[in-house]
**Student:** 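Quick one: the structure is below, and I'll ask about it shortly.
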2 protein chains.
Amino acid sequence: MATVESLNAELAQQTELFNKLRVENAEPSVLEETRKRLAELKAAVKSAAGGKDGGKKKERLLLKTPKGTRDYGPGEMFCREHVERIVKECFVLFGGCQLDTPVFERKDILAGKYGEDAKLIFDLEDQGGEQLALRYDHTVPLARYLAMGGATNTQSKLWQVGKVYRRDNPVMSKGRMREFSQADFDISGLWDTMIPDAEIISLLCTILTRLEVGEFTVKLNHRKLLDGLFEVCGVPAEKIRPISSAVDKLDKLPWSEVKKEMTDEKGLDPTVADKIGEYVKHKGGRALLDQLLADPALTANANAKQGLDEIGILFSFLESYRILDKISFDLSLARGLDYYTGLIYEAVVEASAPPGFKSGDAPAPALPKKKSKKAAADEEEEIDESQVGVGSIAAGGRYDNLVGMFTSAAAGDGKKSQGLPCIGVSIGLDRIFAILWPKWVERGMRSKEVVAYVLSAGDGLLKERMELVQELREAGIATDFLAKNKPKFNAQFAAGERDEVPFAVILGGDELLAGLVTVKEQRWEFVEGKKVKVASTDKGTQVKRSELAQWLKDTPTFKTWSSGKLIRE
Amino acid sequence: MATVESLNAELAQQTELFNKLRVENAEPSVLEETRKRLAELKAAVKSAAGGKDGGKKKERLLLKTPKGTRDYGPGEMFCREHVERIVKECFVLFGGCQLDTPVFERKDILAGKYGEDAKLIFDLEDQGGEQLALRYDHTVPLARYLAMGGATNTQSKLWQVGKVYRRDNPVMSKGRMREFSQADFDISGLWDTMIPDAEIISLLCTILTRLEVGEFTVKLNHRKLLDGLFEVCGVPAEKIRPISSAVDKLDKLPWSEVKKEMTDEKGLDPTVADKIGEYVKHKGGRALLDQLLADPALTANANAKQGLDEIGILFSFLESYRILDKISFDLSLARGLDYYTGLIYEAVVEASAPPGFKSGDAPAPALPKKKSKKAAADEEEEIDESQVGVGSIAAGGRYDNLVGMFTSAAAGDGKKSQGLPCIGVSIGLDRIFAILWPKWVERGMRSKEVVAYVLSAGDGLLKERMELVQELREAGIATDFLAKNKPKFNAQFAAGERDEVPFAVILGGDELLAGLVTVKEQRWEFVEGKKVKVASTDKGTQVKRSELAQWLKDTPTFKTWSSGKLIRE
């Protein structure tokens, strides 16, 4: 049981969030979501407190989903299925095959893969068997599968869609949850330089475009370039990963705070930190690449040089794919995970159109000069801009050593395994849902897919209704009826209307004997934010009962409804 | 880490199973599955033992999925997606809306719902927050959702598809896992007697028919009838649930063992047990119903009478739905779960055609007479027959009090809540996969959905290949190419063949300049259990590059491939 105290803490947190969103004039749907959650928590606190204060009363059960999780009801699931369908179609389009792994893994499989975030792993209780933990992402289970020889060949394109788990602090309204859905696509195998990398970036752009998430930018960087850059700035070898992990926070924190983490927490020389600060402020496109290639300190470093060369090759491929305008080469992108070894990237959707990188013609920003304190403060705001909206909706990178780590550890002979180079992307389906759902609500989406509602105008006619319903369903027409013996005509009509079923099929006494039914078509329109039934003088059409299924299938309405269009036009 | 000891125990268990299946001449696919698992375990034991014995060596990592779980690779996922798609289509056909709940619940939500099987619940470790457990089924989370007021109205048809978790002893080859997928459909609300019940049974029959699982029978019984029957036989009130739970084992154990559990473990008077034994041997259809209605001891009991009356009403409805021939009224069916209150049912697929109940015309079996020990032994074999094949593939029942239990417990005022009557069915997707998969392998299913493979006959032509691949994908044609700068022609051809891609699109020097490409169509046939490429003298067709996408879309092959047919005809 959650205690009153823990609930009160959650309530306080939620209240704060709600007030903040109100002040910021957040979108109505986000605000509404937050308000609902707040009301639930208030009820839960009341219920828990009541159970205690009541003395004699039994302890009350708290009716809620676990922290950071939620139910998705019918309308929401329509939208989520729509998102998943588009993502899966794109995966197939790019030659992918599906993989499914268990929701939990042996704990030692997950160990040592997530750097500072390992504390967020959900452990299962050891109930006398294996030590298990819920999967944290799809990448590590995929690598385990590949290391077990799961793919029939070592060159494969595999995709997964499913839930992953992190004991993080949830921000439900922005789709940041403890249980959340990710769709992953990974390419494994020894291919030529940057070709799979370009395939993945092209896939990502295709998916985000088809989902109509709005303007987006794919920020990219290279781990080897970052490592080289840190070496050039004078970061000691053992501090490279921790410093990289500090840089990763630049999309959430101002530079001053990140610098503080580097120097105060991680013991970096402040002058080294400042040098890093100069570099990581850069973003742009090919011009930035040229500028960095002209930096002799960088190109003298083997790591940095390799990173820059690979980004150069990638740019030429992305031009062939015609997606260079979506790309921003961003030196502040570091990604938190330990296992990346090459290209890394992250897609962001911004509230306003992002500046992005316009196919080579945008000038690279000038190298920043030393700034006054005031100017530094302005910069902070610039960095913080990336926080507008839902933020990162997809991310990934190259991880050439992960599969090899598994095969080496399983061999246990201390030799380094040859491994299997991989690159992949994870798409945050909850974040995308958080962007699309308000638009769906605005446009007035359907509540159900039922096409025909069978009514009796006579005395119950339950048997006749059941028989007709069964026939229509057998013909592939989604059909329903009111589960009452002798329902009133108006009650049946209202039930069909509630689900916005377009065809009312009416069974009546004399007509029934003559083998006829009456069909009435009904339409709804979305007027000024409200669903309105279009007034109809239609008295209905008499149709032969034996021809009804075909008659319905031949209507334009049926064709629209069964084409998978979930939103009415 | 799993210890060598625990692995050895699992290995011994698996060896025994494998030998048993071999003796029984099990299907090759089942045998192969078991053999694979055995090999994995042997490797794991070797690896674990090696890690220990090696002394200086590091402990080896065990590369395996947790006990009772498995990965599903590309071919298998094709088959699973096919099953899920059909099930979802049927859910929509019957007017359902989708629901999704978290994979874990607060522990107190699951408490007290699963009777003797509660020990199988997977708990999460308390990492300083809520006490959580993985969901055991979809029914309890649905009831929690309904009690929270989740459905916008109290009369709803909701469906869920997802994984559930039980710490049971797995029998992987038969689809009995610790992590397994269930598809649930539930109707809630105060409807007229047995109408939703008939809808659910009709839905179940529709799904199993469309899935082509082979001959199946829906066994059904009624909890109130069972309770009444136990009362009539003289079972004390407090022993009714435990005795019911013993009866539930009749599909796995012979009567003598079940009787032993009743008398030795649960302290039931042996003469009472014998009386129960006489009843629970009956199965049949309407004639059995009539026979029981003619039993004055039964009809004098209010519970039994209500159960019999409701089954009578249900039979008349199932006749309207034209599915009475799939039904077997079976007094030995009890279902283990605590929360059922009315009709209960279970679908079984049998190795040979099931006897079933043929629409009222089958004679009810005579009431069994007292039997010699020899005769009793024969009976045991009869009972055991239901174990042939995969066994139960779907099950469910009416649970009118579960939602009310939640609302009462949340109110905490000791008053009984009015509640919300519900009835539902769970379909075991892994069991269905275990039945269908060998047939798919036999029929030679596709390995990928790629339609076009782009090759270069010239010097690499990477840029040109990328541009064409991008164009075809934009036109909605699943396309791939070999990710090499200058691949050999034959290597590209082989890669396309490996995935059985029907169209090879060849880019060559002079042709390319003239705006032309060559398309070669290839076909495979399944001959005597082997996939064979059909020899072709096709020199290829020259197509204008600008018209290629439309040209491909107009071919009959494209239309077949994109119609969702995953198995080649």
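In what follows, every chain begins at residue 1, and chains take the letters A, B, ... in the order their sequences are listed. Since we're looking at a predicted model, the values are computed, not measured.
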**Student:** Supply the atom-to-atom distance B:Lys463 NZ to A:Phe317 CZ, rounded to the nearest 0.5 angstrom.
**Tutor:** 11.5 Å

**Student:** Contact part of A:Lys119 toward chain B, heavy-atom cut-off under 4.5 Å: side chain, backbone, both or neither?
**Tutor:** neither

**Student:** Given side chains that start at C-beta, do those of B:Asp192 and A:Leu462 come closer than 4.5 Å, heavy atoms only?
**Tutor:** no

**Student:** Pick whichever of A:Cys90, A:Ala111, A:Gly95 has the most heavy-atom pairs under 4.5 Å with chain B.
**Tutor:** A:Gly95

**Student:** For A:Leu132, is it the side chain, the backbone, both, or neither that has a heavy atom closer than 4.5 Å to a heavy atom of chain B?
**Tutor:** side chain

**Student:** Which bit of A:Ile477 is near chain B, if near means a heavy-atom gap under 4.5 Å: side chain, backbone, both or neither?
**Tutor:** backbone

**Student:** Does the pair B:Lys163/A:Asp100 count as a salt bridge with the N-to-O cut at 4.0 Å?
**Tutor:** yes

**Student:** For B:Gly73 and A:Leu99, work out which heavy atoms get closest and say how close.
**Tutor:** CA-CD1, 4.3 Å

**Student:** Side-chain contact test, heavy atoms from C-beta onward, threshold under 4.5 Å: evaluate it for A:Leu62 versus B:Arg106 and give yes or no.
**Tutor:** yes

**Student:** Just how far is it from atom OG of B:Ser320 to atom CD of A:Glu464, taken to the nearest 0.5 Å?
**Tutor:** 8.0 Å

**Student:** Between the side chains of A:Glu130 and B:Lys64, is the shortest nitrogen-to-carboxylate-oxygen separation below 4.0 Å, so that they form an ion pair?
**Tutor:** yes

**Student:** Between A:Met77, A:Arg210, A:Arg473, A:Gln98, who has the most heavy-atom pairs with chain B when the cutoff is under 4.5 Å?
**Tutor:** A:Arg473

**Student:** Please state whether the side chain, the backbone, both or neither of A:Leu142 comes within less than 4.5 Å of a heavy atom of chain B.
**Tutor:** neither

**Student:** Is any side-chain heavy atom of B:Glu81 closer than 4.5 Å to a side-chain heavy atom of A:Lys88?
**Tutor:** yes

**Student:** Among A:Phe94, A:Phe122, A:Trp159, which has the most heavy-atom pairs under 4.5 Å with chain B?
**Tutor:** A:Phe94

**Student:** Does a side-chain heavy-atom distance below 4.5 Å link B:Leu124 with A:Phe104?
**Tutor:** no

**Student:** For the candidates B:Ser316, B:Ala198, B:Pro102, which exhibits the highest count of non-hydrogen atom pairs separated by less than 4.5 Å from chain A?
**Tutor:** B:Pro102

**Student:** Which heavy atom of A:Leu63 sits nearest to which heavy atom of B:Arg144, and what is that distance?
**Tutor:** CD2-CG, 4.0 Å

**Student:** Side chain, backbone, both or neither: which part of B:Phe481 has a heavy atom under 4.5 Å from chain A?
**Tutor:** side chain

**Student:** Using a 4.5 angstrom heavy-atom cutoff, name the option from A:Asp123, A:Val450, A:Asp480 with the most pairs to chain B.
**Tutor:** A:Asp123

**Student:** Could you state the interatomic distance from OG1 (A:Thr101) to OH (B:Tyr72), rounded to the nearest 0.5 Å?
**Tutor:** 11.5 Å

**Student:** Thinking salt bridges, do A:Lys107 and B:Glu125 make one under a 4.0 Å N-O criterion?
**Tutor:** no

**Student:** Kindly compute the distance separating CE (A:Met466) from CZ (B:Arg322), expressed to the nearest 0.5 Å.
**Tutor:** 13.0 Å

**Student:** Within this structure, what is the CD1-OG1 distance for the pair A:Ile109 and B:Thr65, rounded to the nearest 0.5 Å?
**Tutor:** 9.5 Å

**Student:** Heavy-atom distance under 4.5 Å to chain B: side chain of A:Val501, backbone, both or neither?
**Tutor:** neither

**Student:** Under a 4.5 Å heavy-atom cut-off, does chain B meet the side chain of A:Glu89, its backbone, both or neither?
**Tutor:** neither

**Student:** Once rounded to the nearest 0.5 Å, what's the spacing between atom CD of B:Glu471 and atom OH of A:Tyr321?
**Tutor:** 13.0 Å

**Student:** Got B:Asn485 and A:Ile195 here, is their nearest side-chain heavy-atom distance under 4.5 Å?
**Tutor:** yes

**Student:** Say whether, by atom type as modelled, one donor and one acceptor occur between the side chain of A:Arg167 and the main chain of B:Gln127 under 3.5 angstrom.
**Tutor:** yes

**Student:** Which atoms of A:Glu179 are under 4.5 Å from chain B, going by heavy atoms: the side chain, the backbone, both sets, or neither?
**Tutor:** side chain

**Student:** Please flag which part of B:Ser202 lies under 4.5 Å from any non-hydrogen atom of chain A: side chain, backbone, both or neither.
**Tutor:** side chain

